[in-house]
2 protein chains.
Amino acid sequence: MTKGNVQGCVEDSDVSPRDLAARAAWLSFVGGMTQDQIAQELGISRQRAQRLVARASAEGLIRVRIDHPIARCLELERDLKDRFGLEAAWVSPGIGTGADPLIGLAPFVAPVLERFFEDTQSKTFALGTGRTLKTVVEHLRTVDGAHHKLVSLIGNVAPDGSASFYEVIMRFAEKTRAKHYPMSAPVSARDDAELVLYRSLPHVKASRALAKSADLAIVGIGQMGDDAPLYVDGFLTAEELTDLRAAGGVGEICGHIFDGAGRYLDHPVNHRMVGVQVPVQEMPVYCVAAGDSKLPALRAALGGGLLAGVFTDERTARDLISQ
Amino acid sequence: MTKGNVQGCVEDSDVSPRDLAARAAWLSFVGGMTQDQIAQELGISRQRAQRLVARASAEGLIRVRIDHPIARCLELERDLKDRFGLEAAWVSPGIGTGADPLIGLAPFVAPVLERFFEDTQSKTFALGTGRTLKTVVEHLRTVDGAHHKLVSLIGNVAPDGSASFYEVIMRFAEKTRAKHYPMSAPVSARDDAELVLYRSLPHVKASRALAKSADLAIVGIGQMGDDAPLYVDGFLTAEELTDLRAAGGVGEICGHIFDGAGRYLDHPVNHRMVGVQVPVQEMPVYCVAAGDSKLPALRAALGGGLLAGVFTDERTARDLISQ
DNA sequence: TCATGATATGGGCAAATGCTCAAATCTAAT
DNA sequence: ATTAGATTTGAGCATTTGCCCATATCATGA
């Protein structure tokens with residue numbers, strides 16, 4: 001009667017709890033073992049085994065991928081490309097109605113980005129910010145992308161002086177070990193003098209120059225409803241928001257607001273951004289976005305040729321295409 | 001009360017069963033939904049949902065990876081590299097004792113190979129054969145490696161004239177879309193005249209030349225016990241097997257038999273192979289192998305410098321290192 | 001048209017899993 | 001050394017899952 005520990009793993013007293021969790025998850029998912037078997041193999045209780053597996057899942061140690069392109073999603077990808085003249089489109093299968101679309105989109109996008117980073121050719125990636133991108137980065141696995149460069153398209157300091165909460169470049173760099181160039185400056189200047197000042201700072205200058213010369217930009221998109229992220233996070237006052245909407249603003253990319261035809265507004269708010277307006281001329285811009293609220297913004301950006309590629313979910317893709 | 005079908009998926013009568021299975025698996029694994037919820041979302045019965053998810057797993061539509069290097073495995077990798085002067089080593093966590101080590105090793109190796117193929121730089125990969133490699137290939141996902149070349153190190157015709165059962169290059173090519181160059185000839189010639197004939201065939205010549213100029217070789221390893229694969233598959237007679245063992249043979253790579261010090265035997269059987277003797281001088285050779293039975297062969301190959309890299313499991317790694 | 005075999009479907013049940021709660025153990029500050 | 005707070009552990013139980021079996025549906029050929 002074998003009582004576990006046969007692999008010579010658990011008696012090593014210094015294994016970290018995460019290692020044990022990973023091992024339990026491995027036995028469960030790859031080995032197809034039941035929790036009782038895992039418990040026996042590892043010499044622990046059934047409950048502990050269950051907790052370890054649950055923990056491994058919760059901590060994102062487990063990556064599940066569906067390796068079968070669903071016909072309907074492929075079709076939507078094709079339609080999106082045709083309709084908006086995109087060079088690339090990815091459509092994730094829909095998660096149950098009502099659920100946060102990011103639950104499905106982020107784990108779907110992450111492996112695609114991983115592939116970008118596994119290329120041995122050195123590239124520079126320009127990054128936006130936001131909850132969407134942040135969630136995607138959390139689903140990235142660690143890849144060796146030390147030969148790439150990451151540069152932020154947008155400042156990292158919120159109006160209250162705090163570091164912007166949804167900044168993604170640092171987390172991205174953690175996962176890829178790429179050299180990273182955050183834009184260490186406020187997102188938005190308060191007046192023209194400040195703008196000139198910030199833009200004259202050497203490191204800001206360098207970041208802006210690098211951003212403009214990137215090989216690919218990956219951005220999110222913001223809507224301009226009552227809960228517009230720019231407003232909620234304090235980058236816009238209520239008056240400015242109203243004003244921008246009156247001027248036709250329906251969405252923003254990296255804080256630069258555009259109208260329903262995808263034309264950037266000629267508005268002071270747009271002129272005060274310290275970061276760069278996404279240079280759609282110079283590089284492909286790929287946008288990650290899904291959800292009803294983002295639909296008008298996304299439609300405008302796509303229609304106006306602001307994007308060269310899009311990651312979205314089935315539901316949003318369908319809505320984009322059906323007029 | 002929503003009765004499902006909201007995503008506009010299931011009413012499309014022409015969705016393939018596989019698509020539905022993939023979608024159910026997506027909802028289950030990524031969406032974390034219960035089978036009842038999946039059933040409702042897809043407008044099917046609970047049992048059907050369960051069957052779809054099971055089917056997706058069975059058909060390999062699901063890829064689970066543990067994205068956490070277990071300390072003990074890393075340690076073993078380091079030890080293997082130090083001990084045998086390897087440039088690379090990968091050690092998969094052990095699956096329960098007694099189980100086929102390939103259950104754990106194959107899903108562990110596959111993603112590593114995928115990465116090799118996702119490189120944009122064109123490469124030529126030389127491949128061996130065998131049950132181990134075949135199982136690994138089954139765990140590969142589809143990657144776009146159309147710019148690479150695959151070449152077989154060994155003939156693909158068994159002594160009875162059938163195509164060799166464990167040939168991997170075709171399956172490999174299916175997964176990667178790479179150009180492939182099988183060696184369309186018998187594995188072994190019956191005499192010197194036949195050998196000269198086969199080797200003079202233009203396509204064999206070309207394959208052999210390409211194989212010798214590959215950038216990386218990926219091979220399995222065979223043992224020389226009573227159930228030696230070369231013997232079981234009819235490439236050796238019982239007498240030859242006995243003879244080779246008496247001459248010190250403990251293992252083989254691509255049909256070329258070597259002794260306990262990793263020196264190829266000067267034996268007629270070795271001279272009749274139509275394929276190439278793995279050109280360890282000209283390229284790195286990585287070997288995938290695990291299991292007690294392969295231990296002597298693996299130890300000899302590693303000790304004799306026949307390999308530049310190894311994929312194995314925890315148990316085998318531990319045994320290799322502990323003398 | 002009907003018979004026949006193969007495949008798919010849903011009910012029912014045993015096994016496996018996830019979760020809550022109380023006890024135990026550990027940590028750290030007095 | 002002691003105690004308050006936090007974390008971990010295992011028992012019990014409700015939920016979920018996997019699987020067997022009887023029935024229904026489908027395809028095929030007489």
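Below, chain A is the first sequence line, B the second, and so on; all start at residue 1. Heavy-atom basis, side chains included; hydrogens, waters and symmetry copies ignored. Because the structure is a prediction, the values reported are computed rather than measured.
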Name the pairs: protein N/O against N/O of nucleotides 18-20 of chain C, kept only if under 3.5 Å.
from: dG18(C); atom 1: OP2; to: Gln35(A); atom 2: NE2; distance (Å): 2.8
from: dG18(C); atom 1: OP2; to: Gln50(A); atom 2: OE1; distance (Å): 2.7
from: dG18(C); atom 1: O6; to: Arg46(A); atom 2: NH2; distance (Å): 3.0

(request) Compare side-chain N and O positions of Thr34(A) against OP1 and OP2 of dA15(C) and report whether any pair is under 4.0 Å apart. (result) no
(message) Using ring centroids (six-membered ring only for Trp), state whether Phe29(B) and Phe29(A) fall under 6.0 Å.
(response) no
(request) Write down the distance between CG (Leu20(A)) and P (dT8(D)), rounded to a whole number of angstrom. (result) 13 Å
(message) I'd like to know if the side chain of Thr132(B) pairs up with that of Lys294(B) as donor and acceptor (distance under 3.5 Å, no hydrogens or angles considered).
(response) yes
(request) May I ask you to decide if Gln37(A)'s main-chain N or O and Thr34(A)'s side chain share a donor-acceptor pair within less than 3.5 Å? (result) no
(request) Specify the separation, in whole Å, of atom CE of Met33(A) and atom P of dA15(C). (result) 19 Å
(request) Would you mind checking if Arg318(A) and Asp313(A) are paired as a salt bridge, meaning a charged N to carboxylate O distance below 4.0 Å? (result) no
(request) Looking only at non-hydrogen atoms, find the nearest pair between Arg315(B) and Asp292(B) and report the distance. (result) NE-OD1, 3.5 Å
(message) In this structure, how many angstroms lie between the C1' atom of dT17(D) and the CG atom of Leu52(B), rounded?
(response) 15 Å
(message) Can you tell whether the side chains of Arg78(B) and Glu75(B) come within less than 4.0 Å, N to carboxylate O?
(response) no
(request) Can you tell me the distance, in whole Å, between the CD atom of Gln40(A) and the C1' atom of dA16(C)? (result) 16 Å
(message) Under 4.0 Å from OP1 or OP2 of dG10(C): is there any side-chain N or O of Ser45(B) that close?
(response) yes
(message) If I take atom CZ in residue Arg48(A) and atom C1' in nucleotide dA16(C), what distance separates them, rounded to the nearest angstrom?
(response) 20 Å
